[in-house]
> 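Starting off with a structure, shown below.
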Amino acid sequence: MFLALAGCGAFHDSFFNAAGPIAGQERHLFIIVSIVMLFVIGPVLILTPIIAWHYRLSNTKHAYRPHWSFSWILEFFIWVPPTLIVIGLSFLLWNYTHKLDPYRPIESSQPTLEVRAVSLDWKWLFIYPRQHVATVNMLAIPAGRPVHIEMTSGTVMQSLMIPQLAGQIYTMGGMTTQLHIQADHPGTYTGQNTQYNGEGFAKQKFAVNALAPQQFDEWIAHVRATGKPFDAKAYHHLFEKSVEKQPILFSSAPDGLFQRILDRYHPTARASDTNPEVIRP
Amino acid sequence: MIVHAHDFFTLLGKIDLHSFAFVRAWRDPSLNQVIAAGAASMVVIGAIALVLLITWLKKWRYLWDEWLTSLDHKKIGIMYIVLAFVMLSRALIEAVLMRTQQAMAVNTPGIVSPDHFAELFSTHGSIMIFFVAMPLLTGLINFVMPQQIGARDVSFPLLNSVSLWLTGAGAGLMMASLVIGKFSTGGWSGYPPFTELTYNAGVGPDYWIWAVTLSSLGSTLTGLNFAVTIYKKRAPGMHLMRLPLFCWTALCTSILMIFAMPPLTVATAMLALDRYLGFHFFTNGMGGNMMNYANLFWLFGHPEVYILILPAFGVYSEVVSAFSSKRLYGYTSLVLATMAIAVLSFTVWLHHFFTMGQNADINGFFGIATMTIGIPTGVKIYDWIWTMFRGEVRFTVPMLYSIAFMMTFVLGGMSGILLAMPPADYLVHNTLFLVAHFHNMLIPGMLYGMIAGYTYWFPKAFGFRLHEGWGKAAFVCWVVGFYLAFMPLYALGLAGVARRTHELFDPAFRPWLIVAEVGGLILLTGLALLFVQLYVSIRDRENNRVPVGDPWDGRGLEWANAAPAPEYNFALIPQVHSRDTFAWRKEHDCAYDPPDEYRDIEMPRNSMSGVIIGVCGGLAGFGLVWHIWWLAALPVLGVIATVIARSFARDVHYTIPAAKVAAEHGEWLRLIRETRPVDRFQETSPANRGLAARVP
């Protein structure tokens with residue numbers, strides 16, 4: 001009993017506890033399909049034990065027809081209803097897949113906040129290109145406003161997921177992927193990398209702080225005032241393997257920082273940024 | 001001393017003292033290293049004990065002549081299954097170790113280091129797929145299929161031996177990685193760029209590459225062999241639509257192997273080119289793109305799951321029909337469903353990376369294709385249910401596994417449909433929900449089927465039944481253990497816990513993890529009980545002999561000969577008149593009629609070519625892993641020399657004279673006349689000598 005109660009707390013960070021429209025609709029789909037599927041598997045769960053037990057060898061009160069092996073009526077019920085269910089689910093799937101395409105902007109009267117995310121070993125860099133600040137392992141967003149995250153990886157492939165806000169999308173070096181999220185209310189949520197990438201993987205989590213709009217502006221001002229400068233040392237540290245105990249705030253983020261990280265994997269990149277992976281002795 | 005050692009090791013590529021697990025544990029006696037050294041010593045001590053035991057029993061000659069060099073499909077099948085159980089033991093212990101680590105590591109580092117944990121999940125997955133599941137189904141098909149189609153052997157008996165030994169070589173590399181060096185930390189799918197040199201400079205990914213490559217080559221050859229056998233070696237009258245369902249699933253699996261294994265071989269070869277020769281197929285820079293790897297890998301990986309599951313479906317079809325004393329319901333439906341699954345399995349691979357950023361049309365298409373596979377799979381389940389309908393169901397061990405499979409597999413089907421929905425997949429992909437889903441398909445689907453098949457056909461292989469009571473005890477463990485181990489993982493996945501996590505940070509996860517850990521231990525007990533069952537059955541074999549060969553009132557040709565079957569399977573190649581031929585013949589009282597005449601039988605002679613090619617393959621793999629170039633090159637020359645030498649061998653068959661066949665067959669017919677038939681109530685009692693009474 002105690003175990004069961006303690007275990008229920010496990011769903012605090014789950015999409016079941018959705019805090020935004022995307023995760024909310026994804027949860028909705030999840031629940032609809034689960035209910036449909038319960039009706040699909042129900043007959044198997046009921047029929048299998050009943051028929052097996054009724055037709056047991058020791059029960060003399062049943063018919064035994066060793067040569068009976070076909071019935072058009074049964075064939076109809078075996079093939080047609082499942083096909084119809086799959087056709088029905090296909091419409092659901094097609095609509096939801098388009099509606100919840102992670103690349104699709106969230107419709108809103110509020111302006112969209114632009115964020116760039118870079119997965120690193122074993123931390124996340126978030127760049128706010130319009131606000132010219134950056135953070136490590138701290139994603140602050142204004143509640144009620146859509147957020148567009150353009151992502152890449154500064155290392156191996158990873159996957160960014162904030163279960164309470166939206167499902168995941170991979171990040172890959174030299175390429176960009178996109179994700180749209182939104183938090184309905186102020187609160188703190190957990191984001192993580194779900195794709196194994198070495199020793200620090202389990203600790204590669206970050207806090208998502210959804211703030212009221214005014215608080216968000218204050219937070220930006222706070223970062224500008226108190227953050228560390230983004231210098232060459234800071235840049236190089238990003239690409240060292242490390243688990244950060246505390247989030248890092250950078251008071252400035254140079255223009256084109258995201259592009260510069262993307263260019264690390266392209267041979268035409270500026271010479272100063274030549275990637276050690278590209279030219280190996 | 002280190003300097004001297006280094007001089008010595010120059011001939012040994014990258015190997016140095018630190019490569020040995022024992023040395024690492026000596027220098028750093030942490031719990032983590034001690035566990036690694038303990039595993040290594042189990043390999044070393046196990047190998048030494050085996051060698052000593054064989055020497056002490058003076059069985060080397062017997063082992064070499066009767067087993068290792070044998071081209072008999074039945075013996076090759078049995079060796080595959082022995083290999084599978086050895087590897088299953090290791091991979092299941094690793095699974096329990098991982099569950100223990102996670103149950104302990106809530107806000108503490110636990111008992112194994114992150115890297116060691118990554119090795120564990122990588123070896124566990126690679127072994128379970130390539131060296132447990134594949135050998136189990138290959139072994140079972142090898143043993144059963146030629147007997148079911150009325151053949152004396154497969155089409156290419158030597159190739160069969162080569163496949164076995166290539167698989168064995170891959171398994172050997174997996175075992176070597178426990179003792180010397182470290183295994184990959186990149187999971188069973190080995191995704192670059194994490195497995196590229198830049199991020200993983202050690203030998204781990206190389207071990208993975210060569211073990212998997214050897215095994216995939218073996219499986220491609222096996223697929224060709226089985227498909228040709230089923231097409232060309234069927235007994236007269238065995239039309240395709242008279243094939244037992246197990247043979248149909250074997251055929252579909254073989255076709256899938258032929259088309260699905262090469263993409264894997266290509267993917268691992270390209271990764272090897274990246275790692276060894278500085279190519280850039282999958283690197284981050286220089287035009288490399290890991291998405292190509294994901295594409296190739298899952299072009300193999302998805303058909304692979306149907307390669308694994310279809311033979312199990314075949315076993316269930318045989319078992320449910322035999323233990324219901326009834327024809328299979330909807331044979332044609334089952335054949336169509338099997339073929340539909342095989343074809344559709346090539347149209348869904350992209351669902352493994354819905355989250356890679358392709359557009360909604362593509363995800364939608366592959367999501368719908370994925371759900372479509374659910375239709376033929378559902379049809380199969382209902383066909384088995386209607387097979388029991390109006391039958392005489394006996395709850396023997398194989399039947400219990402079949403029923404547990406039907407009721408548990410549909411839960412995996414439910415989570416599978418959820419994962420087929422791209423927006424739902426975004427939430428649970430890469431989480432423990434996914435881990436629970438595919439274990440739900442592979443344990444109740446694949447493994448239950450293989451254990452059912454092992455129990456069902458064991459008497460045909462060795463002439464005595466397995467102990468029923470211990471079998472049921474093991475069954476209870478496999479079912480209870482499965483639910484306890486994996487239902488919590490569904491919950492944790494929904495809670496957002498990523499897979500491959502070696503440490504967790506929310507105390508609320510702990511109760512779930514503890515239940516899963518208990519489940520893992522119960523599954524391990526299930527495996528132990530299978531070994532106990534085997535021991536008890538061998539000990540009491542005289543009580544459980546079924547020399548006539550038909551202990552379950554079987555329906556296919558494989559039951560129409562003695563148990564154990566003679567090396568040539570059939571005194572005379574049978575003529576097939578209907579589906580379930582043997583059942584038809586028993587109904588018409590002509591199952592045990594003596595043939596009109598006996599003829600000389602030609603069988604393939606033993607050959608050591610398979611052993612040599614396998615051992616050379618393993619050595620070359622080891623040489624490549626450690627950059628010991630002479631050791632990589634010489635065995636390849638050895639393989640070429642073996643193939644050339646073998647091509648000059650003319651005397652590759654031996655003849656069993658008709659008189660000897662007649663004598664053996666006559667002896668068996670005499671035994672049948674003296675044996676008392678038993679009805680199905682006495683099926684599991686010592687009275688069952690393998691002769692089934694006519695059903696009234």
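Bear in mind that the values here come from a model prediction, so they are computed numbers and not experimental data. Here is how names work: the chains are called A, B, and so on, in the same order as the sequence lines, proteins then strands, and each is numbered from 1.
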> Quick check with a 6.0 Å cut-off and a 45 degree axis cone: is B:R390 positioned over the face of A:Y55's six-membered ring?
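Judged by the rule, B:R390 and A:Y55 form no cation-pi pair.
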> Answer with side chain, backbone, both or neither: which region of B:F681 has an atom nearer than 4.5 Å to a non-hydrogen atom of chain A?
both
> Once you measure the plane-to-plane angle for B:F117 and B:F121, does it fall in the parallel (<30°), tilted (30-60°) or perpendicular (>60°) bin?
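Correct class here is perpendicular.
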> Under a 4.5 Å heavy-atom cut-off, does chain A meet the side chain of B:A491, its backbone, both or neither?
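Answer is both: backbone and side chain atoms of B:A491 are under 4.5 Å from chain A.
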> Cation over ring, A:R264 on A:F239, under 6.0 Å and within 45°?
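Yes.
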> Taking side chain as everything from C-beta outward and backbone as N, CA, C, O, which of these in B:E587 sits under 4.5 Å from a heavy atom of chain A? Side chain, backbone, both or neither.
side chain
> State which residues pass salt bridge (Lys or Arg N to Asp or Glu O under 4.0 Å) with B:R555; sequence neighbours excluded, sorted by chain then number.
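Listed in chain order: B:D580.
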> Tell me which of these, A:P43, A:A23, A:P163, has more heavy-atom pairs under 4.5 Å with chain B than the rest.
A:P43
> Going through the checks in order, is the side chain to side chain contact (heavy atoms under 4.5 Å, CB included) test met by B:V515 and B:V518?
CA-CA 5 Å; B:V515 174; B:V518 171; 5.7 Å; no
> Look at atom NZ of B:K586 and say whether more than 12 heavy atoms of other residues, nucleotides or ligands are closer to it than 6.0 Å.
yes
> How long is the straight-line distance from CZ of B:F194 back to OG1 of A:T155, given to the nearest 0.5 Å?
8.5 Å
> Strictly by modelled atom types, are A:Q158 and A:Q204 linked by a side-chain donor-acceptor pair under 3.5 Å?
yes
> Return the option, out of A:T48, A:T190, A:T176, with the maximum number of heavy-atom pairs under 4.5 Å with chain B.
A:T48
> With a 4.5 angstrom heavy-atom cut-off, which part of A:Y96 approaches chain B: side chain, backbone, both or neither?
both
> Between A:K99 and chain B, which part of the residue has a heavy atom less than 4.5 Å away: side chain, backbone, both or neither?
neither
> Is it true that atom CZ of B:F505 has more than 12 heavy atoms of other residues, nucleotides or ligands lying nearer than 6.0 Å?
yes
> Please classify the contact between B:I381 and chain A as side chain, backbone, both or neither, with a heavy-atom cut-off of under 4.5 Å.
side chain
> Sort out for me which of B:N359, B:D361, B:T372 touches chain A most, counting heavy-atom pairs under 4.5 Å.
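It is B:D361.
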> Heavy atoms only, distances under 4.5 angstrom: which of B:P423, B:S325, B:G364, B:G413 has the most pairs with chain A? Name it, please.
B:P423
> If I measure from the heavy atoms of chain B, does A:M157 come under 4.5 Å with its side chain, its backbone, both, or neither?
both
> Would you mind checking which part of A:V36 comes under 4.5 Å of any heavy atom in chain B, side chain (CB onward), backbone (N, CA, C, O), both or neither?
neither
> Between A:H67 and chain B, which part of the residue has a heavy atom less than 4.5 Å away: side chain, backbone, both or neither?
both
> Given that the side chain runs from C-beta out, which part of B:D425 has a heavy atom under 4.5 Å from chain A: side chain, backbone, both or neither?
backbone
> Relative to chain B, which of A:L100, A:I78, A:T171, A:I85 shows the most heavy atom pairs under 4.5 Å?
A:I78
> Does B:R394 come within less than 4.0 Å of B:E683, counting only side-chain N to carboxylate O?
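Result for this pair is yes, salt bridge flagged.
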> What part of A:E26 gets closer than 4.5 Å to chain B, counting heavy atoms only: side chain, backbone, both or neither?
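Contact with chain B involves both backbone and side-chain atoms of A:E26.
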> With chain B as the partner, which of A:L92, A:T83, A:L47 has the greatest number of non-hydrogen pairs under 4.5 Å?
A:T83
> side-chain hydrogen bond (donor to acceptor under 3.5 Å, both in side chains) between B:T501 and B:E503: does it pass, once the steps are laid out?
CA-CA 6 Å; B:T501 294; B:E503 187 178 347; over 6 Å; no
> Measuring heavy-atom distances to chain B, does A:F15 have an atom under 4.5 Å in its side chain, in its backbone, in both, or in neither?
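The answer is both parts of A:F15.
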> Could you tell me which of B:R680, B:H502, B:H429, B:R500 has the largest number of non-hydrogen atom pairs under 4.5 Å with chain A?
B:H429
> Using the side-chain hydrogen bond (donor to acceptor under 3.5 Å, both in side chains) rule, take A:N17 and A:Y189 through it: C-alpha gap first, then chi angles, then the decisive distance, then the call.
CA-CA 10 Å; A:N17 200 11; A:Y189 314 108; over 6 Å; no
> Would A:Y103 and A:H148 count as a side-chain hydrogen bond (donor to acceptor under 3.5 Å, both in side chains) if you check the C-alpha gap in whole Å, the side-chain angles of each, and the deciding distance to 0.1 Å?
CA-CA 9 Å; A:Y103 281 43; A:H148 171 228; over 6 Å; no
> Look at the side chain of B:H351 and the backbone N and O of B:T370, then say whether any donor-acceptor pair between them is shorter than 3.5 Å.
no
> Between B:S324 and chain A, with a heavy-atom cut-off of 4.5 Å, which part of the residue counts as in contact: side chain, backbone, both or neither?
backbone
> Is it the backbone or the side chain of B:M399 that comes under 4.5 Å from a heavy atom of chain A, or both, or neither?
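Nothing of B:M399, per the 4.5 Å heavy-atom cut-off to chain A.
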> Check whether A:L89 gets within reach of chain B through its side chain, its backbone, both or neither, counting any heavy atom under 4.5 Å.
both
> B:M406 vs B:V320, test: side chain to side chain contact (heavy atoms under 4.5 Å, CB included). Steps then yes/no.
CA-CA 11 Å; B:M406 286 185 238; B:V320 173; 4.1 Å; yes
> Give, as side chain, backbone, both or neither, the part of B:Y191 having an atom under 4.5 angstrom from any heavy atom of chain A.
side chain
> Do you know which of A:D13, A:L74, A:L179 has the most heavy-atom pairs with chain B at a distance under 4.5 angstrom?
A:L74
> Give, as side chain, backbone, both or neither, the part of A:F16 having an atom under 4.5 angstrom from any heavy atom of chain B.
side chain
> Among A:H12, A:R104, A:R27, A:M37, which residue has the highest count of heavy-atom pairs closer than 4.5 Å to chain B?
A:M37
> Please classify the contact of A:S153 with chain B as side chain, backbone, both or neither, using a heavy-atom distance under 4.5 Å.
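For A:S153, neither part sits under 4.5 Å from chain B.
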